[in-house]
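These notes concern the structure reproduced below.
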Amino acid sequence: MDRYDFEKLQRKWKPVWASMGLYRTGTDPDREPFYCLDYFPYPSGAGLSVGHCKNYIPTDVISRKKRMDGYNVLHPMGWDAFGQPAEEYAIKTGTHPSEVTRINTDTYRRQMKLIETSYDWEREINSSDPDYYRWTQYFFILLFDRGLAYQRENDQMWCPSCRIVLSNEEAAGGICWRCNGQVTRKKLTQWFFRITDYADRLLEDLEELDWPEGIKAMQRNWIGKSTGAEVDFAVRNPETGEEYRLPVYTTRLDTIYGATFCVLAPEHPDLERMVTSKQRDRVLEYASAARSRSDLERAAAAEREKTGVFTGCSAVNPFNGEEIPLYVADYVLAGYGTSAIMAVPAHDERDHAFASKYGIPIVEVIAPGGVPQGVSESATVADGQLLNSGRFDGMDSAEARIGMARYAEEMGFGRPDTRYRIRDWLVSRQRYWGAPIPVIHCEKCGAVPDRNLPVLLPEMEDFEPDDSGRSPLARVEEWVSTSCPVCGGPARRDTDTMAGFVCSSWYFLRFASPREDDRPFDPEAVRYWLPVDLYVGGAEHAVMHLIYARFWTKVMYDAGMLDFTEPFAVLKNQGMILGADGQKMSKSKGNVVTPDEMVEKYGVDALRLYILFMGPFEAELEWSEEGIAGTYRFLKRVWTVFTETAGAVTGAEDPDLMAELRYQTARTLKKVTEDIDGFAFNTAVAALMEFVNFLSSSRERAGKAGSLWRESLRRLLVIMAPMTPFMSEELWHRMGFEGDTVFHQPWPYWEEEDLVLDTVEVVVQVRGRIRGRMTVSPEASEDEVRRRALQLDRIVEILDGAEPRRVIVVPGKLVNIIP
RNA sequence: GCCGGAGUGGCGGAAUGGCAGACGCGGCGGACUCAAAAUCCGCUGUCCCUGGCGGACUUGAGGGUUCGAGUCCCUCCUCCGGUACCA
């Protein structure tokens, strides 16, 4: 008998499965499709750690089981290959980003093959491949044609020493994250997608999705729908006597009688007109100082103390005609509502802080539960009954909001309004390594899409950004200079590239027909495979990728290209694997564990099994090398049970053993089947362990189970196969079971009758405390069980002749006696 | 602050309102061995009784519903994740 040699099994079966084409996507149109998709990975230079396995191994188990269940399974893999890290690395090392990408994807692919994930590699895609990004560009034009892509000038964070545009996060505190230099703002023209047009649909359609509640909540939050009203205040300039209409947005119209000042955002477009000459310099200085700071910095400063400047103008409250001062202050955000607010210090904490600092009156107009709370110290934000509110006194907040909006509408100075927090999606990047925006700018015709796709990314040696704030592509004159597709006149190409999230907004469609070369996808294939049945990845893309992909799907649906409106029917997030020290795995902490080293020591099957067993799929868990050693020991035990009992001599049959074996087998099949389907892999593995423990402890009597023993082993191999492919395949052939591979076996099911035992143990409780046990037939009547329980010596002793007041019998489980 | 999730042995965790702690790790004891590794067998929540049999306690804290609560309801505490001047 030879020992369990995982290395030998891996060497033996990998080529066999490869030549069989075991993982090729099914084509039989009569079979039910099942599309099991992992998040589109960005191939980083670090390669895969065991943490990534927490994503890829469970989806692999599901895919393998679904194939054995008779489904056609689409389980593909590809690369979200465009992006800044590859470009940074390229600049640093002088390697071209395409070369960096090729090296990284080779590593990822090798590691994924190492752990034997069953991807159909014939469908591999790469978003930086022109065959792919020409269709990304095609969809850009689709959005452009539908009025959903537009250009707008926008303030961007800019680091003059690094000569790069920074995101708000990268410019925290007004300091560049890389060089610690001072960040400035630069006005740049950027491309946006009009995702705000889809805000309501993105919100409403969340209802139908089988996604984690937390992710749905984050999306709702991100979309941030609020209902309120827009009200026009009249701004008066006391110097000129001029009047301006100033619309403000509020969700608390019920508090408007408490408005004691109004505030403009420093970015308010009409700020210059709503300021007196006396205040002008101070106001403009404040506004420009505020604008030069990052949002983060502003928020942090305003957290400590709110600041603002009086404009010299006043605003008239249309409800009561009161004239109140108008301020500019950076606690009011540009880009939300109307960039101007009415401030009600009595009922809003921020306004309260501002009013207290500048000595502005505070007027209480809401009394929660009819009782005024007093507002000199802090604001009262709860709803309540209105007071000091003229004709609306005594109403409660909710009814007042409706009534006052109606009144405002009748009077013509206001209207009900709905606002969203979500902003249009900024998609242009002044970067080399991305899909070029397929637009040509012509003096005569304006921005015109270039439909001659792909617009190839030009080859560049030096793609480092310069201080112009423009993309490096702007320097390739022969590429930029072109002719207008409409009028044929001289024109220039748009030099921006698209953000990586654009590429990943449609890749799930490409997998349905990845080699289609005259259209982005074959509609027939998409109709068959999509939507994705199971989508799995980390929780970090909760809003960005998932909301963008949902948006694009809806746009394509509107364009008649798809017959569904949601791309991912079921979504699951795997938990992260932390290092053995409880910290996030990272190179700098030196706590990274790679699949390579684990496979080397314990083999692919042990790694796969431990990843599944270490805890719940969604849970964040610490890596433990003792843990994987445990699953490795388990596999050796499996090996021993099979090799020791394979040729067990059939002797006199033992009916008790056979009954027990029948029961244990059925119980295991049921548990493992239901647990895999329910994503409870850890308990599925536990059930396998229990079963193997049982087999192991019975192995000396194996021959007494007749042919049943062999049949139980056969079924065990089939249900283990998705988790431990090498062990299962090897033992399948050693045992001489039929068929070319264990993976072509149908999934085994169980007989319900095998789950019924001859006798069951029933617990006897008195007042909920266990006082005895007895063995009864599962068919025993309630009366019989009750009678027998009351006859137990221990029970008779406790009752001491007393008549039980009540006896509860739970068939097959317990008896509870209440004396 | 708000939203989402979670608190169970020494550790990871398991439990349709019905025997809490499955399975694994770690630990202890034993077998095998010259010895070690590997393997195999047994024990392993806490406390009490000399002890088998037994008894009490125990699922973050406190209340409640129930014959019976880790599980359902209320109040609170702690931790993790997200988000934060969105008017």
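Order of the sequence lines fixes the chain letters, A, B, ..., with proteins taken first and strands second; residue numbering starts at 1 for each chain.
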Legend entry - Which residues share a salt bridge (Lys or Arg N to Asp or Glu O under 4.0 Å) with A/Arg421, sequence neighbours left out: none

Inset, instruction - Not counting sequence neighbours, which residues clear side chain to side chain donor-acceptor pair (under 3.5 Å) with A/Glu674? List them please. - result: A/Lys670

Close N or O pairs between protein and nucleotides 57-59 of chain B (under 3.5 Å):
from: B/C57; atom 1: OP2; to: A/Arg769; atom 2: NH1; distance (Å): 3.0
from: B/C57; atom 1: OP2; to: A/Arg769; atom 2: NH2; distance (Å): 2.9

Give each protein N/O atom lying under 3.5 Å from an N/O atom of nucleotides 16-22 of chain B, with the pair distance.
from: B/G18; atom 1: N2; to: A/Asn816; atom 2: ND2; distance (Å): 3.4
from: B/C19; atom 1: O2; to: A/Arg773; atom 2: NH1; distance (Å): 2.7
from: B/C19; atom 1: O2; to: A/Arg773; atom 2: NH2; distance (Å): 3.0
from: B/C19; atom 1: N3; to: A/Arg773; atom 2: NH1; distance (Å): 3.4
from: B/A22; atom 1: O2'; to: A/Glu690; atom 2: OE1; distance (Å): 3.4
from: B/A22; atom 1: O2'; to: A/Glu690; atom 2: OE2; distance (Å): 3.3

Legend entry - Selection: residues 214-224 of chain A, any non-hydrogen atom under 4.0 Å of RNA chain B: A/Gly214, A/Ala217, A/Met218

Inset, instruction - Give the stems involving RNA chain B, where a stem is 3 or more consecutive Watson-Crick or G-U wobble pairs (i with j, i+1 with j-1, and so on) under 3.5 Å. - result: B:1-7 with B:77-83, B:10-12 with B:23-25, B:26-31 with B:39-44, B:45-48 with B:54-57, B:60-64 with B:72-76

Inset, instruction - For residues 606-623 of chain A, pull every pair meeting side chain to side chain donor-acceptor pair (under 3.5 Å), keeping only residues two or more places apart or in separate chains. - result: A/Asp60-A/Arg608

Atom pairs under 3.5 Å: protein N/O with N/O of nucleotides 74-79 of chain B:
none

Legend entry - With sequence neighbours excluded, residues passing salt bridge (Lys or Arg N to Asp or Glu O under 4.0 Å) with A/Lys601: A/Glu625

Legend entry - With A/Asp675 via salt bridge (Lys or Arg N to Asp or Glu O under 4.0 Å) - residues at least two apart: A/Lys671

Inset, instruction - Round to the nearest Å and state the distance from A/Met614 atom CE to B/G13 atom P. - result: 9 Å

Legend entry - Counterpart residues, salt bridge (Lys or Arg N to Asp or Glu O under 4.0 Å), relative to A/Lys584 (two or more places apart): none

Inset, instruction - Enumerate the residues from residues 414-425 of chain A whose closest heavy atom to RNA chain B is under 4.0 Å, giving them by residue number; use none for an empty result. - result: A/Arg421, A/Arg423

Legend entry - A/Arg3 side-chain N/O to B/A38 phosphate OP1/OP2 under 4.0 Å: no

